Each structure stands twice: as C-alpha cells, then as structure tokens.
Amino acid sequence: MASLNAGLVIGNQALWDEVHACLANLPVNLVLEERALGDLAALARRIEELRLDVLLVDLTKLGSQVEDVLKGLRAIPGAPMVIALNDRADSSVILAAMRSGASEFLFPPLADGLHAAIDRLTLDRRKAAAANRQRGRSLAFVSVKGGCGATTVACHVAAEIDRLTGQEVLLADMDMDTGMVGFLMKAKGQYSIVDAAQNVHRLDLSYWSALISSHKQGKLEVITAPPLAGLRNGLSGESFHQVFQFLRTNYDWVVADLGRSLDPINFAVLDTVDEIYLVSTFDLPALHLGKQVIQRLLEAGFGRNQLRLILNRAPKRPDFTSGEVQKALGLPVFDMLPNDYPELYQAYSEGHLLPNTSELAKSLAGLASKITGVQPKEKAKQKSALSLFQF
C-alpha cells in the first residue's frame, strides 16, 4: 500500500503525542510538522509544494479564527483532506469546522477515528486512480535512429485521430534534441512540456491551459519541447511520469513524439503509454538498430503486445519482405508507409501538413484508422483538412 503524504499543524502537546502514536501504525509519510500556524500564506505555499494528501489541524486555540483558517487551507490548489482536531467535543467548534470544509472532526481518543479517516482516504485515492487510468489512450512514437520520420508520423496521426474521432487529442513533443513538432504544427505557445514538469506540484487544468497551443478547428492541442535541450537538466523522470499521468486523465488520446532518444526521462514516459510505435526505414542500419531498440524495451519490461513496428519510406521494390523483417526483428510489421519525400518537403516548406491527395497522407490516414478502429470519412477533393493547421 502506497503511503499518504501527511502534514501536522498541532500546538496542543497531548494531541501531538497521540497523533504521532496513531500514525506510527498507518501508511502515512509525515512530510510537514508544525507546532503553530504562523503565516498562513507561507504555510499554504508549503502545503502546495509538498502535495499533501491529508493535513491534521489543531483547532484548540484558534477561537473565532477557525472558519477563516480552514477556508484558507481548503482554497489551496489541490487542497489536501483536512482533519480538524480538538481536545474535546465542542459543538460550536464542530459546526464551524464542518461548515468551513473540514472532512473530519476528531477529539480524544483519536485512534479509531483517525484509522477510519486514513482508510477512507486511501480507498478514495485508489478509486480515483482506477478511474483516471480508464480514460485516455496514450501512444508513443520512437525513431529507431535519427531521420526515420517518427515526428512526421506522430504529427499526421494526431491530426487524423482528431479528425476521425472528434475526441480530445494532445500531441506532446518529448524529443528534447530537435523538438520539431512545434515547427511542423505551427504551434505558437511560449511554454513547453518542461514547464509542466518543473511545476508538476501545481499542475491542474487551469495551469495546463496556459502551456498549450490549440487548433482553431477540432480538439487537437499541442505541447512543444523546449528550444534548448539543456533546459530539462535536473528534472527527474518521475516529474514527466506524473505529467503524462495527468494528461491521460484529461485527454481521450495522448500522442507523444519521443524522437530517437530512450533516456531515463523517456522511459518514464513510456511507463504511462499503452502502445509504442517504433518507426524504422528499410535500410540495414535502421533495421539493425531497430532490433536493438526492441530488445532494450523487452528487457526493460515492456511486452511485445505493446510494440508496433512501422516501416517508413517503403520503396516500390523493397529488398526485404515484411515477413523477412519480422523474422529478423522478432516483431510483426504493423504498417508500411510509402516514400513521398518531394511532396512532404513541399508541404513543410509551405507551412502545412500533407495535402489529402498525397499517397503518403492517405497511408497515414489509414494508419490512424487502424489505431483508432474508426473508418476514414470522405475528404474534400479540393482542399486538405490537414493543410489548415494554424495555431
């Protein structure tokens, strides 16, 4: 059972001793221990930074301040469960505490009530986590080596999923080396995925909405990589893991472009995804590196059922059949995409994705359809739904 992060603000010595004795036998990690409220604004900032699950507050000497203090604590973004403590059952204090948002009111002896409150909070957190896991579907695109086209595939697939499903889709750039998603999608946001990781303690929908770029039509949104790779220095994989857990609770689809890097941060992101799409070309160096990447992922604990192999820039007469590639790499070919470099170059130079008349665009639409299980809709002949992406 994972421990809850708990904080104490208790001035009464008897309550302090009894609470410590009770918590010693509970799945609780004490990260904040204060003997007095002090500056309420400073305390609120510490509570927000520490991401407390539960806060035990001593009301014995607050008098008429009970309601103001508890309302202030409950107003903290991501406020913890507040358990109000008193040295006796005072009906007026109980009423003020419950009216101000306290989840529980306890007085000595504390053991049974505190145990029950912690059990309820633990159960509620498990239910919330289970509900969160059920919402979004998360996909990651990885190039087995530089230049295989994972970013192009991720951008077009995200746009097609948005068009096919009409659901909320996020395209996230985790390629810290090149970060081309922002350029290809014409995303104008000034913030990046690193800003979210640096501020994961305050990550909610209000803060997140300030980081993203939104498309004028449909529900596709984009979060870019930072302009300089060094900006992520000092950040842990756990921070990005938490960001992507947050994302899949708030989007129907999360499409992540991981570039060609499988560093600890991207491995932390991969722990949150349902499917990993490995993008390779038909040349021998790419296939050789592809086999190494597959083996590395398998050794890291990812199942073969999570891995999807995409062969990009397939020549009209390839030197290898898909069966031969499967035998060599130990993974079936999920899809093959044709080589349409001239049209892709022209589209990017003009500032849009591929027109729907392109054979590659049609193949990418088919790939998105295969991923979502939604059949493609008829597209207009004269203009592309993908060519109007202006953020």
Side-chain angles (χ1 to χ4, degrees), residues 138-161 169-198 211-213 220-237 239-244 247-248 251 253-281 286 289-290 292-294 296-297 300 302 307-310 312-313 337 344-345 347-348 353-354 364 367 389 391:
S138 184
L139 320 173
F141 288 82
V142 182
S143 282
V144 299
K145 73 176 186 68
C148 285
T151 300
T152 289
V153 176
C155 289
H156 285 83
V157 165
E160 282 294 333
I161 291 176
V169 182
L170 176 78
L171 174 59
D173 195 347
M174 282 297 297
D175 183 355
M176 304 294 179
D177 295 320
T178 58
M180 291 296 291
V181 166
F183 170 76
L184 299 184
M185 303 301 289
K186 298 296 177 285
K188 297 178 181 178
Q190 58 180 316
Y191 300 105
S192 75
I193 192 73
V194 168
D195 291 289
Q198 289 174 332
L211 305 183
I212 56 173
S213 297
L220 177 64
E221 295 178 337
V222 175
I223 184 73
T224 62
L228 298 173
L231 290 179
R232 71 170 179 171
N233 289 346
L235 290 174
S236 67
S239 297
F240 288 93
H241 181 93
Q242 292 180 32
V243 170
F244 273 78
L247 296 180
R248 63 179 303 164
Y251 289 89
W253 297 87
V254 178
V255 179
D257 172 28
L258 271 61
R260 59 178 176 173
S261 177
L262 285 181
D263 58 20
I265 285 180
N266 279 349
F267 263 112
V269 170
L270 288 176
D271 277 339
T272 72
V273 307
D274 300 298
E275 296 145 32
I276 305 170
Y277 291 83
L278 304 173
V279 182
S280 176
T281 51
L289 290 173
Q292 292 183 351
V293 171
I294 291 168
R296 187 177 175 192
L297 290 169
F302 297 96
L307 308 183
R308 309 281 189 271
L309 178 61
I310 297 173
N312 194 20
R313 304 195 194 104
L337 303 172
L344 189 64
Y345 177 83
Y348 285 169
L353 298 184
L354 285 165
L364 288 163
L367 172 59
F389 275 68
F391 288 82

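Positions are given from 1 along the sequence. This structure is a prediction, so every number in the text was calculated from the model and none was measured.
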**OP:** Report the distance from atom CG of Leu262 to atom CD of Gln292, rounding to the nearest 0.5 Å.
**Re:** 11.5 Å

**OP:** Of all the heavy-atom pairs spanning Ala225 and Ser192, show the shortest one and how long it is.
**Re:** C-CB, 3.6 Å

**OP:** Working to the nearest 0.5 Å, report the span between CG of Leu309 and CD1 of Ile294.
**Re:** 5.5 Å

**OP:** Return the set of residues passing side-chain contact (heavy atoms from CB on, under 4.5 Å) with Thr151 (not counting sequence neighbours), or none when no residue passes.
**Re:** Cys155, Asp175, Met180, Val181, Leu184, Asp257

Original post:
Is there a side-chain contact between Val269 and Val243 (heavy atoms, below 4.5 Å)?
Top reply: no

**OP:** For a side chain to side chain contact (heavy atoms under 4.5 Å, CB included) with Leu337, tell me which candidate from Ile310, Thr152, Thr281 qualifies.
**Re:** Ile310

Original post:
Would you say the side chains of Ser138 and Tyr251 form a donor-acceptor pair under 3.5 Å?
Top reply: no

**OP:** Please check if the side chain of Ser143 supplies one atom and the backbone of Ala150 the other of a donor-acceptor pair under 3.5 Å.
**Re:** yes

Original post:
What distance do Asp173 atom CG and Ile193 atom CD1 have between them, rounded to the nearest 0.5 Å?
Top reply: 9.0 Å

**OP:** Could you tell me which residues satisfy side-chain contact (heavy atoms from CB on, under 4.5 Å) with Arg308, sequence neighbours excluded, listed by chain and number?
**Re:** Glu275, Tyr277, Phe334

Original post:
Please walk me through it: do Trp253 and Leu170 pass side chain to side chain contact (heavy atoms under 4.5 Å, CB included)?
Top reply: CA-CA 6 Å; Trp253 297 87; Leu170 176 78; over 6 Å; no

Original post:
When rounded to the nearest 0.5 angstrom, what is the spacing between CE in Met185 and OG in Ser213?
Top reply: 10.0 Å

Subject >> Derivation and outcome, side chain to side chain contact (heavy atoms under 4.5 Å, CB included), residues Val194 and Phe240 >> reply: CA-CA 8 Å; Val194 168; Phe240 288 93; 4.2 Å; yes

Original post:
Which heavy atom of Pro226 sits nearest a heavy atom of Met176, and at what distance?
Top reply: CD-SD, 3.4 Å

**OP:** Measure across Ala187 and Val222 and return the closest heavy-atom pair with its distance rounded to 0.1 Å.
**Re:** CB-CG1, 4.0 Å

**OP:** Output the distance between atom CG (Leu220) and atom CD1 (Ile212), rounded to the nearest 0.5 Å.
**Re:** 10.0 Å

Original post:
What distance do Leu139 atom CG and Arg248 atom CZ have between them, rounded to the nearest 0.5 Å?
Top reply: 9.5 Å

Original post:
So which heavy atom on Asn312 is nearest to which on Cys148, and how close?
Top reply: ND2-O, 2.9 Å

Original post:
side chain to side chain contact (heavy atoms under 4.5 Å, CB included) between Val142 and Arg260: does it pass, once the steps are laid out?
Top reply: CA-CA 6 Å; Val142 182; Arg260 59 178 176 173; 5.9 Å; no

**OP:** Under the side chain to side chain contact (heavy atoms under 4.5 Å, CB included) rule, what do Phe141 and Met174 come out as? Steps first, then yes or no, please.
**Re:** CA-CA 10 Å; Phe141 288 82; Met174 282 297 297; over 6 Å; no

**OP:** Of all the heavy-atom pairs spanning Ala140 and Leu270, show the shortest one and how long it is.
**Re:** CB-CD2, 3.7 Å

Original post:
Hey, are the side chains of Glu221 and Val169 touching, using non-hydrogen atoms and a 4.5 Å cut-off?
Top reply: no

Original post:
For Val273 and Ile276, which heavy atoms make the closest approach, and how far apart are they?
Top reply: CG2-CG1, 3.8 Å

**OP:** Give me the ring orientation class for His156 and Tyr348: parallel if the planes are under 30° apart, tilted from 30 to 60°, perpendicular past 60°.
**Re:** tilted

